[in-house]
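Structure first, then comments.
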Protein chains: 2
Amino acid sequence: MPTSTVEDYLKCILVESQASPGARVTTGQIATALSVAPGTVTSMIKALAKSGLVSYEPYSGVELTREGRELAMHVLRRHRLIELFLVEVMGVDWSEVHAEAELLEHAVSDRLIDRMDEMLGRPSVDPHGDPIPDARGRLEEPDAASLVGCPLARALRVVRVTDQTPEFLQLAEREGLMPGSELVVASRSEAAGTVVVEAADGRQVSLGYRAASRIQVAAPE
Amino acid sequence: MPTSTVEDYLKCILVESQASPGARVTTGQIATALSVAPGTVTSMIKALAKSGLVSYEPYSGVELTREGRELAMHVLRRHRLIELFLVEVMGVDWSEVHAEAELLEHAVSDRLIDRMDEMLGRPSVDPHGDPIPDARGRLEEPDAASLVGCPLARALRVVRVTDQTPEFLQLAEREGLMPGSELVVASRSEAAGTVVVEAADGRQVSLGYRAASRIQVAAPE
DNA sequence: AGGAGTATTTTGACTACTCAAAAATAGCGG
DNA sequence: CCGCTATTTTTGAGTAGTCAAAATACTCCT
Ligand SMILES: [Mn+2]
Ligand SMILES: [Mn+2]
Ligand SMILES: [Mn+2]
Ligand SMILES: [Mn+2]
């Protein structure tokens, strides 16, 4: 059985490689994402390679093997189902569930995960709009536009928020930018690096490009 | 923060010392209960003593300090609330929740535990009839009679089952000996070491002394 | 092509947990 | 009070994960 550390490394590599498909995930990326020293990642990576969970090219980076990806998908499934369970059943705030799920994903049995899945009606997305892999580890990653790349002055709906920090999530909630919320992008200033958004309640919010890129939108239903 | 290993050792020492109050808990007891080698326990105990969580008398055994007991009580509270949550909310079988809670007790936050406590209506006993420490770590251990020591031919009610193995718990369920079940002890044979019990449905079951001592009863409400 | 600067790997060390087997001890039974 | 046995402790070793700092490799700019 993989340790929870191994599970976290694999999940991290999966998520990072989804962010930039095709490219190898680098040591430094992993070190930053997991808040560990670069040398720690190198030695861990070697162990993962020896177990056949990743393929490792020194000075270039890693890629998940079929086995590694399957394992990572199961961890990601557990993580996202737990997040949704915490919000829907336990009434925990969506800004706090990520940290909670980070630990629980290693402690919950497959039987229990399936009970949650059932209770929640086999959901396809978590509270942040992240897609939930199915029980066989299949996942389709929909490519939506962010507030930086979407059309202006058009009615849109938030479908995903890709920043897990409590501060960002609380801000998004306050400003009416949670998944499901409707909005219009009023204007963008390349020079200032800001995006002005009008939320459903009519309030205008100004976001920096960094923040705006974390909010994905689609056409309203 | 204590590791989950430390939490398990402390919980183990607490439970063992409740089984025989006053006496020190021995190295061998802990080794058996946790399925680790005796030498492992000795070194762990020394570390716990250095942290001020137990007082250690070589060749005699350990005792929890005030701080150690508080920590152990919180772990025990988490364990038992999780067990009840799994049975009541998630519909998991009572014979399986112990193993599940053994892991979850180290991963669930205090906030979440309190949500469970609330959802369950501040319960005082878990699915096996074990008392649940309150949020301040207080616990009253009711002393009930077991099927070996209780009066014969009298209507009684099962209040607690003190064996966590799935096999035993499944047997108890099959034979109508779960907490809340009514029964009568028909007879006991000192020589054969057996106790004959008549369950609520009229069926008679014969139990060995070992098994019978694991079932605690009280007067029906 | 040669450096400069950045990223990665290596090295050496540390904490936490574990076991097997050897050594020490306590507590009887005579 | 002496020796045997069961228990406990000690010793030596191994796995898993981590860091700081030194060494190395890659990349890009001049
Ligand atoms: Mn995690
Ligand atoms: Mn999420
Ligand atoms: Mn445990
Ligand atoms: Mn219990």
Interface polar pairs with nucleotides 1-7 of chain D, N/O, under 3.5 angstrom:
none

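Listed pair Thr27(B) / dT9(D) meets the phosphate criterion, a side-chain N or O lying under 4.0 Å from OP1 or OP2. Phosphate contact (OP1/OP2 of dT9(D), side-chain N/O of Thr42(B), threshold under 4.0 Å): present. The phosphate of dC17(C) has OP1 or OP2 within less than 4.0 Å of a side-chain N or O from Thr3(B).
When all heavy atoms of Ser213(A) and Val148(A) are compared, the closest pair comes out as N-CG2, 3.7 Å.
Here the P atom of nucleotide dA16(C) and the OH atom of Tyr9(B) are 14 Å apart, to the nearest Å. Met44(B) has its CE atom 16 Å from the P atom of dT10(D), to the nearest Å. Asp8(B) places its CG atom 17 Å from the P atom of dA16(C), with the value rounded to the nearest Å. Note: NZ (Lys46(A)) to C1' (dT8(C)) measures 11 Å, nearest angstrom. The distance between atom CD1 of Ile45(B) and atom P of dT10(D), rounded to the nearest whole Å, is 11 Å. To the nearest angstrom, C1' of dA16(C) lies 16 Å from CG of Leu34(B). Counting to the nearest Å, the P atom of dA7(C) and the OH atom of Tyr56(A) are 16 Å from each other. Rounded to whole angstrom, the span from the CD1 atom of Ile30(A) across to the P atom of dG17(D) amounts to 14 Å.
The closest donor-acceptor contact from the side chain of Ser51(A) to the backbone of Ala47(A) lies under 3.5 Å.
Contact annotation: the side chain of Val6(B) approaches that of Met44(B) to within less than 4.5 Å [non-hydrogen atoms, C-beta and beyond].
Comparing Pro38(A) and Pro58(A) against DNA chain D, the residue whose closest nucleotide sits nearer the 5' end is Pro38(A).
Partners of Ser187(B) according to the side-chain contact (heavy atoms from CB on, under 4.5 Å) rule, which considers only residues two or more places apart in sequence or in another chain, are Val196(B).
More than 12 heavy atoms of other residues, nucleotides or ligands shown are found within 6.0 angstrom of CD on Glu141(A). Shown here is Glu140(A), whose CD atom has no more than 12 heavy atoms of other residues, nucleotides or ligands within 6.0 Å.
Thr5(B) comes within 4.0 angstrom of sugar-phosphate atoms only, judged by non-hydrogen atoms across all strands, and of no base. Val36(B) comes within 4.0 angstrom of sugar-phosphate atoms only, judged by non-hydrogen atoms across all strands, and of no base.
In this structure, His128(A) has its ring center no closer than 6.0 Å to that of His98(A).
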